[in-house]
Amino acid sequence: MSILDILKSSHNQMPETYKHIPVLEMEERVRKIKEKFGSMLFIPGHHYQKDEVIQFANTTGDSLQLAQVSAKNTECEYIVFCGVHFMAETADILTSDKQKVILPDMRAGCSMADMADIDQTERCWQVFQQTFGDTVIPLTYVNSTAAIKAFVGKNGGATVTSSNAKKMLEWAFTQKERILFLPDQHLGRNTAFDLGVPLEQMAVWNPITDSFEYEGNTEDVKIILWKGHCSVHENFTVANVNQIRADEPEMNILVHPECSREVVALSDYAGSTKYIIDMIEQAQSGSKWAIGTEMNLVKRLIDNYPDKEIVSLNPYMCPCLTMNRIDLPHLLWTLEELDSGNVINQITVDDTITTQATLALERMLQKP
Ligand code: 13P
Ligand code: SF4
């Protein structure tokens, strides 16, 4: 379901009163419910979540780690997912029917996932069959709706995350001559480039105009990049890199591959959320880092590693607005409703979509 569908549908709104409860009291109430529910309740938290929420997470991780945790999680009855809508959908797909997945705020969508809808995808697939015949395998970044994952699963493809994109593209090229990569053109382009695919062999599919943006010979196309992007990571620019290089030449520049090709090419290192965290953890005391990723994570790295000099690559960067929808009042509200016997904001993916999306997710999770 896209964020527009969610906003159009009637969903529970948090009562105003939750906004006025003192923080210490909210924390205490969350703690009590967690204790009461024990192992029946599980709270996964993505690294981009706010500290006020992440302090209550049973586990934290990037998209891949959280999907792996969901796949192994057969015990708990309630999963209160501190992340965004597509992550909660993935958790629902990978857990059993008995387990209920809850998103504390239904408005916590992802603008990138909303850039590919299933009708657009079905339409482009028809064009590809006519243009390329049966030579294309679809891959989708997990930052996509369950319907897109199902489309990919049904057509022999798989999901990828930023942690395993390289491995998944390598696998896909053993299956078919060409890849359709949804919905993040930058992750697709950066990963294919690392694997040696020249930029001239990468076409862009524009889902708004239903047309290719490509000037070469269609025979040469190796990867078709869906024209989507992350509205957070596209805010790191070449100008930001040039500024840091001019002001602080000894700073290491470390960015997420959702940044543009130009920014990644000018940076010293690029990798997934987990890669960024590991790099900073292993970096020498006193080393200097300008990081191009979501701001809640950058702030946490600054706080956790005071012996290293860490700044955001873009000094005017904000956190991801949709990740930030999950806050302490919403977490407390959903938990208290649960405690009163009401499961609110449950994320449910229908059975057919679940079956087909599982194919795509399992092709990824089964890779070592
Ligand atoms: P990863 O967790 O795969 O690095 O993805 C980043 C992201 O944008 C999540 O929304
Ligand atoms: Fe979506 Fe980007 Fe926010 Fe991740 S950081 S949830 S990709 S908008």
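Whatever order the structure lists ligands and atoms in, that order sets their numbers, starting from 1. Just the heavy atoms: all of them, side chains too, but no hydrogens, waters or symmetry mates, feed the values below.
In terms of protein heavy-atom proximity, atom 8 (O) of ligand 1 is nearest to Glu258 OE2, 3.0 Å. The protein atom (non-hydrogen) at minimum distance from atom 5 (O) of ligand 1 is Tyr141 OH, 3.3 Å. Scanning all protein heavy atoms for the shortest distance to atom 4 (O) of ligand 1 gives Thr273 OG1, 2.5 Å. When hydrogens are left out, the protein atom nearest atom 7 (S) of ligand 2 is Asn143 ND2, 3.2 Å; that is the closest non-hydrogen contact. Nearest protein heavy-atom neighbour of atom 3 (O) of ligand 1: Ser162 OG, 2.7 Å. Protein heavy atom closest to atom 10 (O) of ligand 1, with residue, atom name and distance, is Asn143 ND2, 3.5 Å. Closest to atom 1 (Fe) of ligand 2 among all protein heavy atoms lies Cys110 SG, 2.4 Å.
Distances below 4.0 Å separate heavy atoms of Ser111 from the following atoms of ligand 2: 8 (S). Atoms of ligand 1 found under 4.0 Å from any heavy atom of Met87 (numbered from 1 in listed order, with element): 9 (C), 10 (O). Close approach of ligand 1 to Asp62 is summarised as follows: ligand atoms under 4.0 Å from at least one heavy atom of the residue are 2 (O). Atoms of ligand 2 found under 4.0 Å from any heavy atom of Tyr48 (numbered from 1 in listed order, with element): 5 (S). Less than 4.0 angstrom separates some heavy atom of His46 from each of these atoms of ligand 1: 2 (O), 9 (C).
A salt bridge is defined here as a Lys NZ or Arg NE, NH1 or NH2 lying under 4.0 Å from an Asp or Glu carboxylate O, and Glu25 with Arg31 fails to meet this definition. Between Glu336 and Arg29 a salt bridge is recorded (basic side-chain N to carboxylate O distance below 4.0 Å). The pair Glu35-Lys32 fails the salt-bridge criterion, with no side-chain N (NZ, NE, NH1 or NH2) lying under 4.0 Å from an Asp/Glu carboxylate O.
Contacts with ligand 2 closer than 4.0 Å are made by no heavy atom of Glu294, backbone or side chain. When non-hydrogen atoms are compared, ligand 1 lies under 4.0 Å from the side chain of His256 (C-beta onward) but not from its backbone.
Taking the ring centroids of Trp205 and Phe212, they lie under the 6.0 Å cut-off.
Under the 30°/60° scheme for interplanar angles, the aromatic rings of His233 and Tyr48 are found to be tilted. Classified by interplanar angle (parallel below 30°, tilted 30° to 60°, perpendicular above 60°), the ring pair Phe37/Tyr78 is perpendicular.
Donor-acceptor pairing under 3.5 Å is recorded for the side chains of Ser231 and Ser111. Neither side chain, Ser162 nor Ser272, offers a donor N or O lying under 3.5 Å from an acceptor on the other. When only modelled atom types and interatomic distance are considered, Gln201 and Asp220 share no side-chain donor-acceptor pair under 3.5 Å. Counting only N and O atoms by type, the side chains of Asp51 and Gln55 include no donor and acceptor under 3.5 Å apart.
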> salt bridge (Lys or Arg N to Asp or Glu O under 4.0 Å) between Arg245 and Asp268: does it pass, once the steps are laid out?
Replying inline: CA-CA 11 Å; Arg245 296 286 190 219; Asp268 299 304; 3.1 Å; yes

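For Cys230, every N, O or S atom stays at 2.8 Å or more from atom 1 (Fe) of ligand 2. Here Cys320 reaches atom 3 (Fe) of ligand 2: one of its N/O/S atoms is less than 2.8 Å from the metal.
Between Thr161 and ligand 1, no N or O atom pair is found at a separation short of 3.5 Å.
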